[in-house]
Amino acid sequence: MLSEFDIIQRYFTRPTPHAVLGVGDDAALIEAAAGTELAVSTDMLVAGQHFFPETDPRSLGHKSLAVNLSDMAAMGAAPRWATLSLALPEQLVRENEKWLQAFADGFFELAHAHQVGLIGGDTTRGPLNICVTIIGEVAKGKALRRSGARPGDDIWMSGHLGDAALALAYQEGHIMLEAGEIEKCLAALHTPAPRVALGQQLIGLAHSAIDISDGLLADLEHILKSSSVAAVIKMDQINCSGSVKKYLQHPLGVKCLLAGGDDYELCFTAPRAKHQEIEMLSREQEISLTCIGSVEKGEGLVVLDPAGRKVTLETKGYDHFHAG
Ligand SMILES: Nc1ncnc2c1ncn2[C@@H]1O[C@H](COP(=O)(O)OP(=O)(O)O)[C@@H](O)[C@H]1O
Ligand SMILES: Cc1ncc(C[n+]2csc(CCOP(=O)(O)OP(=O)(O)O)c2C)c(N)n1
Ligand SMILES: [Mg+2]
């Protein structure tokens, strides 16, 4: 069986040209570029909570980095360095070395695409658990925060929402999907594409931003609370795929769209004066950016259906300590 140090050496030691010192010592050494601040974020993926234990390991390697890249995107930071802490079941290491290779391949493929260096981590025996910390650089004072929304701002979202949650409902056996839809929805759930370039492009345009990991309503509420403002959004403006649209007559479809989570799109607010510039950015970058509502004075979030009635939902997003 591989030793702890075999695993680190064989699967997780790669050159890190942008670090002073990478994997192999008691700590890595990094140097931030002049005029930048470091953005630091951690997200953990736990078997049974964030993914089914039998999930394809290559996708899992991808997703464990992707969800962290998404936090860099939400801050407008350029991701540079990551650490990876793994708890691995003994049986997996003993019987399924291919799992480690595939996991590392998925992780490093995405890391390479974003020029992120793996500079350290930790490897222990235990129930499958993956924890990535990411460090990025952002120009001093320019990071996009949750607290910058102002009354009068437009509220925007990137891409479309709900496919990942629909895939989860499908995997849990709650709904059926057509053959063509399954692949697309499962890809949204297992291999999200974080909006890293978009996040950096929003600096100077957006007043505030967050990535949608728990669900649009829950995540937008974080912006509203941090900024001490209210908002109104229109449900029919929220961009979703045909698969989600088909389910919108059903409470499950509405839940997937508004509160499903696992989307890893950006939700941001920007002054109305930037509306056209944002539409231009959307065309240039070929990323759908949709204005879904506006920030108002006061507190609370109102969602309106096409008839102008208030939509009420039991849950606004995923909460690890809340049933449903
Ligand atoms: N155990 C913890 N100790 C310290 N800070 C934490 C802990 N868990 C979460 N946080 C911090 O709380 C904030 C909200 O976390 P979270 O909701 O997980 O954000 P995100 O959705 O961006 O991952 C973040 O600033 C995060 O760093
Ligand atoms: C097996 C399984 N159950 C449930 C989910 C749905 N899910 C789990 S965590 C989560 C929200 C995001 O995770 P969290 O740890 O809250 O990330 P953060 O908001 O901190 O980035 C969602 C939608 C899933 N992806 N897989
Ligand atoms: Mg988190």
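Just follow the structure's listing: the first ligand is 1, and inside any ligand the first atom is 1.
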Show me which atoms of ligand 1 lie under 4.0 Å from any heavy atom of S213.
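In order of number, 21 (O).
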For ligand 1, is any non-hydrogen atom under 4.0 Å from [X]'s backbone (N, CA, C, O), its side chain (CB onward), both, or neither?
| X | answer |
| --- | --- |
| R146 | side chain |
| T42 | neither |
| D43 | side chain |

If you measure from each heavy atom of D214 to ligand 2, is any distance below 4.0 Å?
yes
With a 4.0 Å cut-off on heavy atoms, is G260 in contact with ligand 2?
yes
Does the side chain of [X] pick up a donor-acceptor pair with the side chain of [Y] at under 3.5 Å?
| X | Y | result |
| --- | --- | --- |
| E265 | S158 | yes |
| D154 | S294 | no |
| H207 | R150 | yes |
| S70 | D211 | yes |

[atom] [closest protein heavy-atom partner, distance rounded to 0.1 Å]:
| atom | answer |
| --- | --- |
| atom 25 (N) of ligand 2 | D262 OD2, 2.7 Å |
| atom 24 (C) of ligand 2 | H50 O, 3.5 Å |
| atom 19 (O) of ligand 2 | S213 OG, 2.7 Å |

Do D211 and ligand 1 have an N or O pair less than 3.5 Å apart?
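For ligand 1, there is no N or O atom that lies under 3.5 Å from one belonging to D211.
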Measuring to protein heavy atoms, does anything land under 4.0 Å from atom 19 (O) of ligand 1?
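Neighbour list for atom 19 (O) of ligand 1 includes protein heavy atoms (cut-off 4.0 Å).
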Protein heavy atom under 4.0 angstrom of atom 25 (O) of ligand 1, is there one?
no
T83 versus I119: any side-chain heavy-atom pair under 4.5 Å?
yes
With a 4.5 Å limit on heavy-atom distance, are the side chains of F12 and F107 in contact?
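In short, these two side chains do not touch, never coming nearer than 4.5 Å.
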When you measure from [atom] to each heavy atom in [options], which option holds the nearest one?
| atom | options | answer |
| --- | --- | --- |
| atom 5 (C) of ligand 2 | D43, D219, L168 | L168 |
| atom 22 (C) of ligand 2 | Y318, F52, Y264 | Y318 |
| atom 22 (O) of ligand 1 | D71, I212, D219 | D71 |
| atom 3 (N) of ligand 2 | Q49, H222, E172, K63 | Q49 |

Give a yes/no answer: is there an N/O/S atom of D71 under 2.8 Å from the Mg ion (ligand 3)?
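Given the 2.8 Å cut-off, D71 does not count as a ligand of the Mg ion (ligand 3).
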Would the distance check show the side chain of T36 and the main-chain N or O of A32 forming a donor-acceptor pair, the cut-off being under 3.5 Å?
no
CG on L45 to OG1 on T55, rounded to 0.5 Å:
10.0 Å
Ring centers of H320, H50 separated by less than 6.0 Å:
yes
Anything under 30° is parallel, anything over 60° is perpendicular, the rest tilted; go ahead and classify W99 against F103.
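Parallel, since the angle between the ring planes stays under 30°.
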Side chain, backbone, both or neither: which part of H320 comes within less than 4.0 Å of ligand 2 when only heavy atoms are counted?
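For H320, the contact with ligand 2 is made by the side chain alone.
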Which atom of D43 is nearest the Mg ion (ligand 3), counting N, O or S only? It is OD1
Take E97 and R10, measure what salt bridge (Lys or Arg N to Asp or Glu O under 4.0 Å) needs, and give me the verdict at the end.
CA-CA 11 Å; E97 229 185 282; R10 197 170 297 176; 3.2 Å; yes
Should the heavy atoms of other residues, nucleotides or ligands under 6.0 Å from CD of Q249 be counted, would the total exceed 12?
no
